[in-house]
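Report on the following structure.
We name chains A, B, ... by the order of the sequence lines, and we start the count at 1 in each one.
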There are 2 protein chains.
Amino acid sequence: MKSIEPTIKADDVAQPRAGEKILRVARDLFYRQGIRAIGVDEIVRRAGVTKPSLYRSFPSKDELAASYLRQYDLEFWARFDAAAAAHPGDPRAQIAAFLTRIGKRTQNPDYRGCGMTNAAVEYPEHGHPARVVSEANKQELRRRLRTMATALGANDADTLGDGLLLLIEGAYISGQLFGAGGPAKSVARNADLLIEASLKK
Amino acid sequence: MKSIEPTIKADDVAQPRAGEKILRVARDLFYRQGIRAIGVDEIVRRAGVTKPSLYRSFPSKDELAASYLRQYDLEFWARFDAAAAAHPGDPRAQIAAFLTRIGKRTQNPDYRGCGMTNAAVEYPEHGHPARVVSEANKQELRRRLRTMATALGANDADTLGDGLLLLIEGAYISGQLFGAGGPAKSVARNADLLIEASLKK
DNA sequence: AGGTATACGTACCGATCGGTAACATTGTCA
DNA sequence: TGACAATGTTACCGATCGGTACGTATACCT
C-alpha cells in the first residue's frame with residue numbers, strides 16, 4: 001500500500017506555510033512590543049500574507065497569542081533543561097547555570113523580559129487564552145524549583161524554591177526596566193547567597 | 001486691598017472637579033485592568049463626566065496615565081516611609097516591615113501587582129510618559145535599597161540592595177500570577193535569609 | 001443687571017480595532 | 001485532466017480607538 005506522505009516534501013525548501021510565517025512574525029512583535037500593542041493588520045503586513053490567512057490558521061488574535069506563548073514555553077524549557085543537563089546531579093550548579101544565563105540575557109539592550117510574565121501582566125483576567133498558558137508555565141517552574149531546592153537539602157525547600165522564583169521574576173522585570181547595568185545582573189549571585197543561607201544548620 | 005481668593009471656597013463641599021473624578025476612576029481601572037485595556041470612553045462614563053472634560057484636564061490619555069502613576073508614586077513612598085518610620089535607625093526591621101506588608105497585600109485575591117511595574121511592561125518604548133514615571137520610581141527604589149543595605153553593614157551593599165529589589169519585583173509579579181498561596185507570601189522570609197547571608201564575615 | 005470667565009455637554013471626526021464573505025489563483029497529486 | 005487544498009484578492013463589517021469643534025450653562029464680580 002502507499003504510504004501517506006505529508007503535503008510538504010522533505011526536499012522542498014520553498015517558502016514556509018502562511019501559518020508559520022504569521023507565527024514567526026507575531027512572536028517577534030508580541031515579545032518586543034507587547035501583545036495588545038500589535039494589531040493583526042501589522043502582523044499580516046510584516047509576514048507578507050493577508051488577513052484571511054491569519055484567521056484560517058488561528059481562530060482569533062487571542063489564540064494566536066496563546067500559540068506564541070506555547071512556542072515560547074517549549075523554548076523556555078529547552079533552555080532550562082540545557083542548564084540542568086550541563087550539571088547532572090548537581091542542582092546548585094544547575095540553578096547557577098540557569099540564572100547566570102538569565103543575568104546575561106538581561107544585559108542585552110533590547111531585552112524585554114519574559115514573554116510569559118509580560119502576557120500575564122497584559123491580560124489580568126482569568127481564563128484568557130494567553131494567561132492560561134502563562135500561568136501553567138509558572139506553576140511548572142515553581143514546582144521544578146521547589147523540587148531542586150529539596151534536592152539541595154534546604155532547611156525549608158518550599159521557601160527556597162519560592163525565593164528563587166521571586167529572584168527570577170525580579171530579574172525578568174528589572175532587566176527590562178533598568179536595562180544594562182540594572183539589578184538583574186546580580187541574580188545568580190543573590191540566588192547563591194540565598195541558597196547558602198538556606199543550607200545553614 | 002482685596003486678597004485674591006481661590007475659585008473654590010474652603011467651605012464648599014460640593015462635588016469634586018471633573019479632573020479629580022476622572023483621575024480617581026482612571027486610577028482604579030488602570031490598576032485593575034491595565035492602561036491599554038481601558039479606553040477613555042469607559043473612564044469618562046464611569047466617572048460620570050464627558051470626554052471633553054477629560055481633555056481639558058489632561059492633554060492626552062498617555063498623560064492621564066502618567067498622572068495616575070505620579071499619584072501612585074506618592075502613595076508608594078508614603079507606604080515605604082511609614083515602614084521605615086516604624087523602626088527608626090533599624091534598617092533590617094524597616095525592610096522586614098515593608099516586605100511583610102507587600103507579602104500580605106499579594107495574598108489579596110484581586111491583587112494586581114505594582115502599577116509602576118505593570119505600566120513599564122505595557123509601554124516598553126523609552127520616553128513614553130507613563131514609562132518615564134515608572135523608571136524614575138524604580139531608580140529611586142533601587143537607590144534607597146542600596147543605601148539601606150549599606151546601613152546594614154552588608155559585605156556587598158549594592159548586591160544586597162539589588163537582591164532585595166529583585167525579591168520585591170518578583171513578589172509584585174508572582175503575586176498577580178499565582179494569587180493567594182503563591183511564592184510572594186515568602187518574600188519577607190527570603191529577604192531576611194538574603195540579608196543574613198550578606199552579613200556573614 | 002450685565003459682563004466675563006470657567007466648566008460642562010452634544011455631536012462629531014478619521015483611524016484603527018478584530019474579524020469575515022465571496023471569489024480568484026496556485027500548485028500538487030491521483 | 002481533474003479534483004483538492006492552500007493561499008491570495010478585494011471589499012467589507014460594526015465597534016471602538018484617541019481626540020476635537022462648538023455651543024451652553026453656571027457662578028462670580030462689578
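Rounded to whole Å, atom P of dC12(C) lies 16 Å from atom CG of Asp41(B). When the P atom of dT20(C) is taken as reference, atom CZ of Phe58(A) falls 15 Å away, rounded to whole Å. Whole-Å rounding puts the Leu64(A) CG to dC17(C) P distance at 14 Å. Spacing between atom CD of Glu63(B) and atom P of dG19(D) amounts to 10 Å, rounded to whole angstrom units. For the pair Lys61(A) NZ and dT20(C) P, the computed distance is 15 Å after rounding to whole Å. In this structure, the CZ atom of Arg17(B) is 11 Å from the P atom of dA27(D), given to the nearest Å.
Looking at residues 42-54 of chain B, you'll see Lys51(B), Pro52(B) sit with a heavy atom under 4.0 Å from some atom of DNA chain D. Across residues 122-132 of chain A, not one residue has a non-hydrogen atom less than 4.0 Å from an atom of DNA chain C. At a non-hydrogen distance threshold of 4.0 Å, Ile38(B), Gly39(B), Val40(B) from residues 32-40 of chain B come into contact with DNA chain D.
Comment: Arg146(A) does not engage Asp156(A) in a salt bridge, judged by the lack of any side-chain N to carboxylate O separation of less than 4.0 angstrom. Remark: Arg70(A) does not engage Glu75(A) in a salt bridge, criterion side-chain N to carboxylate O under 4.0 Å.
A donor-acceptor contact shorter than 3.5 Å links the side chain of Gln94(B) to the backbone of His87(B). With hydrogens and angles disregarded, no donor-acceptor distance shorter than 3.5 Å links the side chain of Glu169(A) to the backbone of Ala171(B). With Ser134(B) contributing its side chain and Ala130(B) its backbone, the two residues share no donor-acceptor pair below 3.5 Å.
Nearest-nucleotide positions on DNA chain D place Asp62(B) closer to the 5' end than the other of Asp62(B) and Arg56(B).
A donor-acceptor pair shorter than 3.5 Å cannot be found between the side chains of Gln139(B) and Glu135(B). The closest side-chain donor-acceptor pair between Lys21(B) and Ser53(B), if any, does not fall under 3.5 angstrom.
With axes fitted over five pairs at each extremity, the angle between the ends of the helix from dA1(C)-dT30(D) to dA30(C)-dT1(D) is 10° (10° resolution).
For Arg32(B), the salt bridge (Lys or Arg N to Asp or Glu O under 4.0 Å) partners at least two apart in sequence or on another chain are Asp28(B). Residues satisfying the side chain to side chain contact (heavy atoms under 4.5 Å, CB included) test with Ser60(A), not counting sequence neighbours, are Asp62(A), Glu63(A).
When the shell of 6.0 Å around CZ of Arg101(B) is examined, it contains 12 or fewer heavy atoms from other residues, nucleotides or ligands.
A 4.5 Å side-chain heavy-atom check between Thr106(A) and Tyr172(A) finds every atom pair outside the cut-off.
The side-chain tip of Arg142(A) points at the ring of Phe178(B) from less than 6.0 angstrom away and within 45° of straight on.
The shortest distance between the side-chain N/O atoms of Tyr55(B) and the OP1/OP2 oxygens of dT20(D) is not below 4.0 Å.
Between Tyr123(B) and His128(B), the ring-plane angle classifies as parallel under the 30° and 60° cut-offs.
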